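Working notes for the structure below.
The chain is numbered in sequence order, starting from 1. Note that this is a predicted model, so its numbers are computed, not measured.
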Amino acid sequence: MSGPNTNYDPVEVAALEPAAVQAAVDAALAAIAAASSLDELKAARTAHQGEKSPLALANREIGALPPSAKAEAGKRVGQARGRVGQALAARQAELEAERDERILVEERVDVTVPALRRRLGARHPIELVAQRLVDSFVGMGWEVAEGPELEAEWLNFDALNLGPDHPARQMQDTFFLDPVDSGLVLRTHTSPVQIRTMLEKEPPIYIVAPGKVFRTDDLDATHTPVFHQIECLAVDKGLTMAHLRGAIDAFVQIMFGEGTRTRVRASYFPFTEPSMETDFVCFACHGSGSTTPGSAAQCRTCGGSGWIELGGSGMVNRKVLAACGIDPDVYSGFAFGLGIERALMLRHGVQGMHEMVEGDVRFSQQFGMEV
Ligand code: FA5
């Protein structure tokens with residue numbers, strides 16, 4: 001704090017001269033007016049109102065004046081500082097208003113835009129079972145193969161030894177496409193993927209092909225017009241029925257658990273020779289055929305036989321191998337295919353096809369919601 005001035009030196013208080021004060025005010029007002037942002041205004045405030053600004057220095061010098069001069073100099077500097085302070089406040093208000101206006105435009109939120117809701121999806125149990133099976137075969141070194149759902153009639157039937165007049169062609173009720181001579185059908189099974197693969201690849205071939213298939217079946221407890229199959233095909237030197245049994249056993253263990261027993265029965269498919277159906281021991285009665293051990297009441301799951309049909313299989317017909325350019329005297333192959341809905345039904349005791357196709361999320365929730 002300045003004490004009373006006893007040695008007044010006019011040179012030392014030059015900053016208090018009216019011209020100097022006016023120059024300081026002019027410089028301050030020019031800097032304030034030129035500030036185009038709040039940051040620039042902050043710099044102008046420091047320079048013209050801060051402790052080291054000319055007007056602050058002048059203010060400090062007032063104490064060095066003789067008492068008679070203090071009032072006038074004080075008034076002059078006070079007014080000067082007031083003008084600068086007002087100019088700063090006014091510019092501050094202007095720049096803040098500009099900033100707020102800009103933010104309102106730049107950060108505008110349209111509350112009428114429909115919200116993007118992310119709903120967590122979950123895979124259908126059929127997809128989960130199919131994926132589990134595919135993964136298991138991939139783990140054993142098999143490759144995944146695919147084919148189109150809209151398939152050439154020739155690949156769906158003829159190449160599989162189901163000629164136009166073959167009675168077995170009637171076994172699968174087919175959706176034909178308009179015009180009928182387009183030669184296209186909605187594939188009735190995943191077996192055409194066998195042909196596509198054999199035409200494309202050289203043996204050894206080990207593929208697993210899951211997919212959607214279509215038949216003109218009515219929806220009932222065990223049928224649906226759109227269902228899923230999984231097809232396996234192996235073509236290599238020296239493959240026998242024993243290899244087919246081994247592959248089916250592996251498949252059954254994966255699907256229905258360790259220790260599940262299987263059996264095979266002779267059957268007929270034009271594209272496999274010999275052909276067989278594979279059954280696995282009923283998971284409900286464990287092969288006894290009755291509801292409870294010793295009871296006369298038939299097991300409703302397997303109809304009392306103690307066995308459940310898994311799917312068709314067999315050694316790839318020599319004619320099919322030859323039609324695909326594979327020498328049947330050098331190579332042999334086996335194939336099998338089953339309906340995934342049926343497998344899921346049997347595995348989990350699902351009472352009918354309706355539940356699987358109706359799309360009620362509560363059905364899927366029973367199996368856990370794997371994303
Ligand atoms: C076939 O489709 C042969 N391609 C299977 C095959 C592959 C045999 C390789 C030999 C070698 P099938 O028509 O039986 O076979 O059908 C196979 C399985 O599909 C049946 O066992 C059944 O589980 C399932 N399936 C058939 N029709 C339906 C349907 N409408 N709804 C649900 N599942 C069905």
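- Checking side-chain atoms of Thr46 against main-chain N and O of Lys42 turns up a donor-acceptor pair under 3.5 Å.
- Between Phe334 and Trp142, the two ring planes are tilted [angle within 30° to 60°].
- Considering only heavy atoms from C-beta on, Leu29 comes within 4.5 Å of Arg83 through its side chain.
- With values rounded to the nearest 0.5 angstrom, Leu338 atom CG is found 8.0 Å from Gln229 atom CD.
- Residue Thr197 comes nearest to Ala145 through the heavy atom pair OG1-CB, 4.0 Å, listed as atom of the first residue, atom of the second, then distance.
- Within 6.0 Å of CG in Asp218 there are 12 or fewer heavy atoms belonging to other residues, nucleotides or ligands.
- Ion pairing between a basic and an acidic side chain is recognised when a charged N comes within 4.0 Å of a carboxylate O; Arg215 and Asp217 show no such pairing.
- In terms of modelled atom types and a separation under 3.5 Å, the side chain of Asn317 and the main chain of Pro270 share a donor-acceptor contact.
- Applying the ring-ring contact (aromatic ring centres under 6.0 Å, His included) test to residues at least two apart or on different chains, none of the pairs has a partner in residues 207-243.
- Every residue was checked against the side chain to side chain donor-acceptor pair (under 3.5 Å) condition with Glu273, not counting sequence neighbours, and none meets it.
- Thr278 places no side-chain N or O within 3.5 Å of a backbone atom of Val264 that could act as its donor or acceptor partner.
- One distance of note links CD1 of Ile248 with CE of Met241; it measures 8.5 Å at 0.5 Å rounding.
- A donor-acceptor contact shorter than 3.5 Å links the side chain of His189 to the backbone of Asn156.
- No side-chain N or O of Ser37 forms a donor-acceptor pair with one of Asp39 less than 3.5 Å apart.
- Applying the ring-ring contact (aromatic ring centres under 6.0 Å, His included) test to pairs two or more places apart or on separate chains, none has a residue in residues 42-63.
- Without hydrogens or angle criteria, Thr224 side chain to Val226 main chain gives a donor-acceptor distance under 3.5 Å.
- Side-chain atoms of Arg91 come within 3.5 Å of backbone N or O of Ala35 as a donor-acceptor pair.
- Between Lys75 and Glu72, none of the side-chain N atoms (NZ, or NE/NH1/NH2) sits under 4.0 Å from a carboxylate O, so this pair counts as no salt bridge.
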Going through the checks in order, is the side-chain hydrogen bond (donor to acceptor under 3.5 Å, both in side chains) test met by Asp26 and Gln22? CA-CA 6 Å; Asp26 290 344; Gln22 187 56 48; 2.8 Å; yes

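- Between Phe137 and Phe336, the ring planes are tilted. Angles from 30° to 60° get that label.
- Taking the six-membered ring for Trp and thresholds of 30 and 60 degrees, Phe269 and Phe271 have ring planes inclined between 30 and 60 degrees apart.
- For Glu98, the CD atom is densely surrounded, since the number of other residues' heavy atoms within 6.0 Å is greater than 12.
- No close placement of the His354 and Phe363 rings is indicated, their centers lying 6.0 Å or farther apart.
- Ser191 is listed as a side-chain neighbour of Glu231, based on a closest heavy-atom distance under 4.5 Å.
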Which is it for Ser36 and Glu40 under the side-chain hydrogen bond (donor to acceptor under 3.5 Å, both in side chains) test, yes or no, and what are the steps along the way? CA-CA 6 Å; Ser36 60; Glu40 287 180 21; 3.2 Å; yes

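- With respect to Arg196 and Glu151, a salt bridge is recorded, a charged nitrogen being found less than 4.0 Å from a carboxylate O.
- Residues Arg187 and Lys212 approach most closely at NE-O, 2.8 Å, considering heavy atoms.
- Arg81 contributes atom CZ, which lies 4.0 Å from atom CG of Asn59 (distance to the nearest 0.5 angstrom).
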